[in-house]
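Working notes, structure below.
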2 protein chains.
Amino acid sequence: MQNSEALSLSFALLATAGELVRRINDGVVARGFEGRSAYGFAFTRIAAGGATVSDLAGHLGVTKQAASQLVDELVRKGYVERRPHPRDARARLLVLTERGWANTRAAEEAAADVVREWSALVGEEELRALGRQLLRIAPNGPIRPSW
Amino acid sequence: MQNSEALSLSFALLATAGELVRRINDGVVARGFEGRSAYGFAFTRIAAGGATVSDLAGHLGVTKQAASQLVDELVRKGYVERRPHPRDARARLLVLTERGWANTRAAEEAAADVVREWSALVGEEELRALGRQLLRIAPNGPIRPSW
DNA sequence: AAAAATGGTCAAGTAGGTTGACTAGTTCGG
DNA sequence: CCGAACTAGTCAACCTACTTGACCATTTTT
């Protein structure tokens, strides 16, 4: 595989990722929530349960200070609460409020809308295969907010 | 396709894109160049020929002021020169210096290294198919430096 | 029980964008 | 062919989202 082919793949990958993020965010805003793009990815981690600030930092690939600031913002906007952690008095357990859950669902729906469109474009089975391959390439890597 | 599947695809896509950018940048640094991640993508546009600041801004999906600042930096570091534009006295034609070309080649090699590794992981033909599908999904969209 | 590591926050600094205002040159409508 | 509207580029000021560094309270290690 020549260099030019590698480059073209790189471009396509980054353009697709950028469009996905943009459209998820648009979709969330259209559903009546305010929020930066990173919100959705923070929500899914918090929704999974048992999340702390440090977990979130690892998930997003940023420092724990940055994650803490993000959580501040989410708390201020009423999406998340900090609770005492049952097994570690240093840590705080992050939990979604009702509005946080609603925002999370909105993000999921927006993502599903985009993916549905792509599915129509390249074929459902092909898209599924694409997902499987991407998962093999980068299984649970961080979802960095920028590059 | 359910929401959870769409989410998993989204995660995989973003994690993969993030890893690609990180590793291209590491590869370029390892080859002796300094530079932010956005450099490589600016270089490929400038290398293509006929680029102006506005073109670059469109390519990167940022304002022309931001693109101009990036070009300042590239000029200061000796990668790019601003030349008078042959057909428009307002515009400046961006051209790579010899060192700029070397950096561009380094970025291409680094990208090729990563893609080669992925190729071994999922199969060359599969990866090629993946590239084709991504190109259908997001043909020449901007390569945004962040989300 | 002392030492080292970890979870979290506060504070300050910074990179890399943004918006707004402006100049110089170009294109368009009458 | 000339004034109005537009476009390329830059300067300046600002802002957002991240970083580094210092610190305290807890937990884990030895």
Side-chain angles (χ1 to χ4, degrees), chain A residues 14 18 21-22 25 29 34-43 45-46 49-77 79-95 142-147, chain B residues 14 18 21-22 25 29 34-43 45-46 49-77 79-95 142-147:
Chain A
L14 293 172
V21 168
R22 186 183 58 73
N25 199 48
V29 169
E34 56 173 339
R36 335 200 314 241
S37 309
Y39 280 13
F41 302 101
F43 284 147
R45 174 64 193 87
I46 299 173
T52 64
V53 165
S54 292
D55 288 335
L56 200 54
H59 183 69
L60 296 178
V62 297
T63 59
K64 55 186 184 170
Q65 290 92 324
S68 185
Q69 287 172 17
L70 176 61
V71 170
D72 278 348
E73 206 176 316
L74 294 176
V75 168
R76 197 172 346 109
K77 292 186 176 155
Y79 294 128
V80 169
E81 284 175 9
R82 290 188 228 243
R83 300 256 182 89
H85 194 288
R87 282 189 296 281
D88 187 338
R90 294 168 304 178
R92 336 272 321 253
L93 196 59
L94 303 176
V95 298
I143 308 294
R144 304 214 81 245
S146 77
W147 36 278
Chain B
L14 293 172
V21 169
R22 186 182 57 72
N25 199 49
V29 169
E34 57 173 335
R36 333 195 320 234
S37 310
Y39 281 12
F41 303 101
F43 283 148
R45 175 64 193 88
I46 299 174
T52 65
V53 166
S54 293
D55 288 334
L56 200 53
H59 184 68
L60 295 178
V62 297
T63 60
K64 56 186 184 170
Q65 291 93 323
S68 185
Q69 288 172 18
L70 177 60
V71 170
D72 278 347
E73 206 176 317
L74 294 176
V75 168
R76 197 171 348 107
K77 292 185 178 157
Y79 295 128
V80 169
E81 282 176 11
R82 289 186 229 244
R83 299 256 183 90
H85 193 288
R87 282 188 295 283
D88 187 339
R90 294 169 303 180
R92 335 276 318 258
L93 196 58
L94 303 176
V95 299
I143 308 292
R144 303 213 82 243
S146 75
W147 33 278

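Numbers restart at 1 for each chain; the letters A, B, ... are given by sequence-line order, proteins then strands. None of the values given here were measured: they were computed from a predicted structure. Any value given below was found using the heavy atoms of this structure, including those in side chains, with hydrogens, waters and symmetry copies removed.
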Closest non-hydrogen atom pair between A91(B) and T52(B), with its separation: CB-CG2, 4.3 Å

Listed partners of R82(A) passing salt bridge (charged side-chain N to carboxylate O under 4.0 Å, His left out), at least two apart: D72(A)

Near-strand residues of residues 82-92 of chain B, defined as heavy-atom separation under 4.0 angstrom from DNA chain C: D88(B), A89(B), R90(B)

Residue whose closest nucleotide on DNA chain C lies nearer the 5' end, T52(A) versus A38(B): T52(A)

Euclidean distance, atom CZ of residue R76(A) to atom P of dA17(D) [Å, nearest integer]: 10 Å

Which residues share a ring pair (Phe, Tyr, Trp, His ring centres under 6.0 Å) with F41(A), sequence neighbours left out: F11(B), W147(B)

Protein and nucleotides 18-20 of chain C: nitrogen or oxygen contacts under 3.5 angstrom:
unit_1, atom_1, unit_2, atom_2, d
dT18(C), OP2, T63(B), N, 3.0
dT18(C), OP2, T63(B), OG1, 2.7
dT18(C), O4, Q69(B), NE2, 3.0
dG20(C), O6, Q65(B), NE2, 2.7

Short side-chain N/O contact to dC15(D) OP1/OP2 from R36(A), under 4.0 Å: no

Rounded to 10 degrees, the angle between the two terminal axes of the helix from dA1(C)-dT30(D) to dG30(C)-dC1(D), each from five pairs: 40°

dT9(C) phosphate, OP1 or OP2, under 4.0 Å from S68(A) side-chain N/O: yes

Phosphate OP1/OP2 of dG9(D): any S54(B) side-chain N/O under 4.0 Å: yes

By salt bridge (charged side-chain N to carboxylate O under 4.0 Å, His left out) - contacts of R144(A) (at least two apart): none

